[in-house]
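Everything on this sheet refers to the single structure shown next.
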Amino acid sequence: MLFALALLAAPADPGPPFPRIANCYGVGLKPDSTPQDLAEIARCDLLIGGVWCNWAEPEQRRRLAGHLAELKRLNPHLIVLDFSSSAPYHYPNDTRFPAGGWLLQPDGKRVLGWPGTAMINLRRPDVLGFLTARSVESVKDKCFDGSFIDCMGSSFDWWACNIERGEAYQIDADGDGKPDDRKQLDEQWIEAKTQLSRQVRAALGDDGLFMTNQAGYWGLPDMNGILLEDYLDYVLAGQWDFERVMDEYFRWTAAPRRPNLTTIVSSSALEPPFDPWKSMPEPDRNALLERGRTRLDRMRFGLAATLMGDGYYAYDLHTRWRGQRWWYPEYDAPLGYPKSPGAPQPDGTWRREFDGGTVIVNPTPLDQRVGFPGRHRDVSAGKVARELVVPALDGRIFLPTNAAETPGQVPDPVPLFTAAGPETVLERDGRVLVRFRGGAALCDSDGRVQMVTDGGKELARGLTTFVAQTPWRDFAYQDQRHELLPDGVQFHCRRSEGEVVLDCTEEVRA
């Protein structure tokens, strides 16, 4: 009897193999999409928005439904979410929106949001009801697999208010003619977004797919995951700790609802103007896109970091222009499924083993050598060897192979910035590494220390970040130059703060 019950129990769906690739907001699925469009789109495992249709036209709906069916045939794992709404703002020309639902200032004027929108008042139950109804419409009328709500971060959305023009504003959400307290607004918006997530879950039922852009842990019971938009960009900019992002990512990939749709999207960090289709000539747009597409170290860093957990990954140009259909050889790496969780290593890298290979991400400022008992191929560089390199702030996928050793098409960085080596002083891309007995110090071109290590662990990281997080403020730097010494480096520059100007000489010696 027990054996019969075991036969009847269907195994849990493991989801798509890894890497799992997503597209955010701009994949461009339309009723008139071509077979080539569908072939490109079907390579993705998750689409978040980017589907365009005149829903009032039955013929357009019919053709789009046919395209969705074909995509599912090409990729049975594909999940398509509708961009149902943005929590902080909406389009003023939508006559269905509650007439009194706009967020006002004490003088009665509206607060503008993302270009073309106005901020909405989440304190009003009719506004929450409107947003909930849009999510229901996405699933039950438009036949998407699920609903996505943008901008559900745990605070009032200060960043979005008058974002394009940067004009000063005040908020009067309670309508008493007085500016509201910032702390109270944050608390009220968290409460409202929590309520919205509960309403959407109740309306979609337990099996409905529901995802948001960001959310506090208050959303864990109701959501199938969140979008961690540009989180790793902040790591690359030196503003956030890698471990902080990983903690957040692992918390959400462990959320109880399945399938889990948690996604990391990274960008090239090349910022276009708002509405680049109108504000930039086509040659300039194309040049910008190509620069973004080829910032491969950023793409690899985000992909390898995402592969430390079980989420999806997307890489595109920028927050202001998401959703390019860029595709890279790394996306086709036959990793299969993980053998173990991703975990930090003694050298500061993170590593995860898969059925088909090994993924290593290096969030440290130094290059790291990694060794294998047998030959492996670096998917990005084409190099085949037993010892390979993961450059600083980069990531690599390594596949076992019987092929002969080869240097590949992409050389390792020269010189390698590793903690150990025969040279005392090394210079690369404006940075200087000074090695001393058992460790090394890494400085930028201004002489600011980026990292000190004893060769096994970091003793200090990002002293400029420490300055930025205290009442102290760093100087402005001008006229920088440096010269290498046999046992170190000497920096020269002019530092200023207001009318105070200092000529500075700094030496870093082994």
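- Remark: R298 is not positioned above the aromatic ring of F301, lacking an NZ or CZ atom under 6.0 angstrom from the ring centre and at most 45 degrees off the axis.
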**OP:** Could you give me the CA-CA distance, side-chain angles and deciding distance for F18 and F354, then say whether ring-ring contact (aromatic ring centres under 6.0 Å, His included) is met?
**Re:** CA-CA 9 Å; F18 293 84; F354 289 80; 5.8 Å; yes
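- Residue Y91 qualifies as open at atom OH: its count of foreign heavy atoms under 6.0 Å is 12 or below.
- Across every non-hydrogen atom of Q199 and T132, the tightest pair is NE2-OG1, 3.0 Å.
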Subject >> CA sep, side-chain torsions, deciding dist, call: V111, I171, side-chain contact (heavy atoms from CB on, under 4.5 Å) >> reply: CA-CA 8 Å; V111 183; I171 303 299; 3.9 Å; yes
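- A 4.5 Å side-chain heavy-atom check between L209 and F144 finds every atom pair outside the cut-off.
- In summary, R293 and D316 do not engage in a salt bridge, as defined by a charged side-chain N under 4.0 Å from a carboxylate O.
- The shortest distance between side-chain heavy atoms of L64 and L29 falls below 4.5 Å.
- Between the CG atom in L303 and the OG atom in S380 there is a gap of 8.0 Å [rounded to 0.5 Å].
- Using a 4.5 Å heavy-atom cutoff, the side chains of Y313 and D45 are not in contact.
- If you take CD1 on I149 and OG on S85, they are separated by 4.0 Å, rounding to the nearest 0.5 Å.
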Could you pull out all donor-acceptor pairs under 3.5 Å where a side-chain atom in residues 159-168 meets a protein atom, sequence neighbours excluded?
unit_1	atom_1	unit_2	atom_2	d
W159	NE1	D157	OD1	3.4
N162	OD1	L112	N	3.1
N162	ND2	E167	O	3.2

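- Of the N and O atoms on the side chains of S340 and E353, not one donor lies less than 3.5 Å from an acceptor on the other residue.
- Side-chain atoms of L236 and L393, non-hydrogen and from C-beta on, do get closer than 4.5 Å to each other.
- Here the CZ-CG distance, from R43 to N75, works out to 11.5 Å after rounding to the nearest 0.5 Å.
- Using a 4.0 Å cut-off between charged side-chain N and carboxylate O, D126 and R124 make a salt bridge.
- Nearest heavy-atom pair, T194 versus S197, reported as atom, atom and distance to 0.1 Å: O-OG, 2.8 Å.
- One finds a salt bridge joining R322 and E229 here, because a Lys/Arg side-chain nitrogen approaches an Asp/Glu carboxylate oxygen to under 4.0 Å.
- Taking all atoms of both residues into account, the shortest heavy-atom contact from W326 to L289 is CZ2-O, 3.3 Å.
- Here D145 pairs with K72 under the salt bridge (charged side-chain N to carboxylate O under 4.0 Å, His left out) rule; sequence neighbours left out.
- Listed here is the closest heavy atom pair of L317 and P272: CD2-CG, 4.2 Å.
- Contact annotation: the side chain of L227 never approaches that of T212 to less than 4.5 Å [non-hydrogen atoms, C-beta and beyond].
- Judged by distance alone, with hydrogens and angles left aside, the side-chain atoms of N23 form no donor-acceptor pair with the main-chain N or O of L47 at under 3.5 Å.
- A salt bridge does not link D13 to R258: none of the charged nitrogens lies less than 4.0 Å from a carboxylate oxygen.
- Note: W240 and Y234 have tilted aromatic rings, judged against thresholds of 30 and 60 degrees for the angle between ring planes.
- Sequence neighbours left out, not one pair with a member in residues 110-121 passes side-chain hydrogen bond (donor to acceptor under 3.5 Å, both in side chains).
- For the residue pair D141 / W55, no side-chain donor-acceptor distance below 3.5 Å is found, with atom types taken as modelled.
- If you check the side chains of N224 and R201, you find a donor sitting under 3.5 Å from an acceptor.
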Subject >> Chi angles and distances behind the side-chain contact (heavy atoms from CB on, under 4.5 Å) call for I360, R396 >> reply: CA-CA 6 Å; I360 298 177; R396 297 296 168 94; 5.7 Å; no
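- Salt bridge annotation for R20-D310: absent, with no cationic side-chain nitrogen under 4.0 angstrom from a carboxylate oxygen.
- Screening residues 266-278 for side-chain hydrogen bond (donor to acceptor under 3.5 Å, both in side chains), with sequence neighbours left out, gives D233-S267.
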**OP:** Start with the C-alpha distance between M211 and T263, add both sets of side-chain angles, then the distance that settles side-chain contact (heavy atoms from CB on, under 4.5 Å), and finish with yes or no.
**Re:** CA-CA 10 Å; M211 180 184 183; T263 300; 3.6 Å; yes
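- Within 6.0 Å of CG in D207 there are 12 or fewer heavy atoms belonging to other residues, nucleotides or ligands.
- Summarising the geometry, atom CD belonging to Q188 is positioned 10.5 Å from atom CG belonging to L122; distances are rounded to the nearest 0.5 Å.
- The aromatic rings of F372 and H376 sit parallel to each other, their planes meeting at less than 30°, with 60° as the upper class boundary.
- Note on ring orientation: taking the six-membered ring where Trp is involved, the planes of W350 and F250 are tilted (angle from 30° to 60°).
- A salt bridge links R300 and D394; the closest N-O separation between the charged side-chain nitrogens and carboxylate oxygens is under 4.0 Å.
- How far CE of M308 is from CZ of F242: 7.5 Å, rounded to the nearest 0.5 Å.
- Two residues are said to be in side-chain contact when any heavy atoms from C-beta on lie closer than 4.5 Å; V389 and V370 fail this criterion.
- Of the possible donor and acceptor atoms, one in the side chain of N362 sits under 3.5 Å from a partner among the backbone N and O of L366.
- Relative orientation of the Y25 and F148 rings is tilted, given thresholds of 30° and 60° on the angle between their planes.
- Between F97 atom CZ and R134 atom CZ the span is 10.0 Å, to the nearest 0.5 Å.
- At a threshold of 4.5 Å between non-hydrogen side-chain atoms, the residues E187 and F156 do not count as touching.
- Residues R431 and D446 are not paired through a salt bridge, judged by the lack of any N-O separation under 4.0 Å between the basic side chain and the carboxylate.
- Salt bridge status for D412 with K383: present, with a side-chain N to carboxylate O gap under 4.0 Å.
- Checking W189 against S154 by side-chain atom types alone, no donor-acceptor pair falls below 3.5 Å.
- Minimum interatomic distance between L399 and G357 (heavy atoms only, all atoms of both residues): CD2-CA, 4.2 Å.
- With hydrogens and angles disregarded, no donor-acceptor distance shorter than 3.5 Å links the side chain of D378 to the backbone of G382.
- Every pair passing side-chain hydrogen bond (donor to acceptor under 3.5 Å, both in side chains) that includes a residue from residues 243-255 is listed here, sequence neighbours excluded: Y217-E248.
- For the pair R377 and F398, the cation-pi criterion (under 6.0 Å, within 45° of the ring axis) is not fulfilled.
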Subject >> Stepwise side-chain contact (heavy atoms from CB on, under 4.5 Å) test for D241 and V235 >> reply: CA-CA 6 Å; D241 290 333; V235 172; over 6 Å; no
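- When every heavy atom of T294 is checked against every heavy atom of E290, the shortest pair comes out as OG1-O, 2.8 Å.
- With a 4.5 Å cut-off on side-chain heavy atoms, L335 and I397 count as touching.
- With sequence neighbours excluded, the residues forming a salt bridge (charged side-chain N to carboxylate O under 4.0 Å, His left out) with E137 are R96, listed by chain and number.
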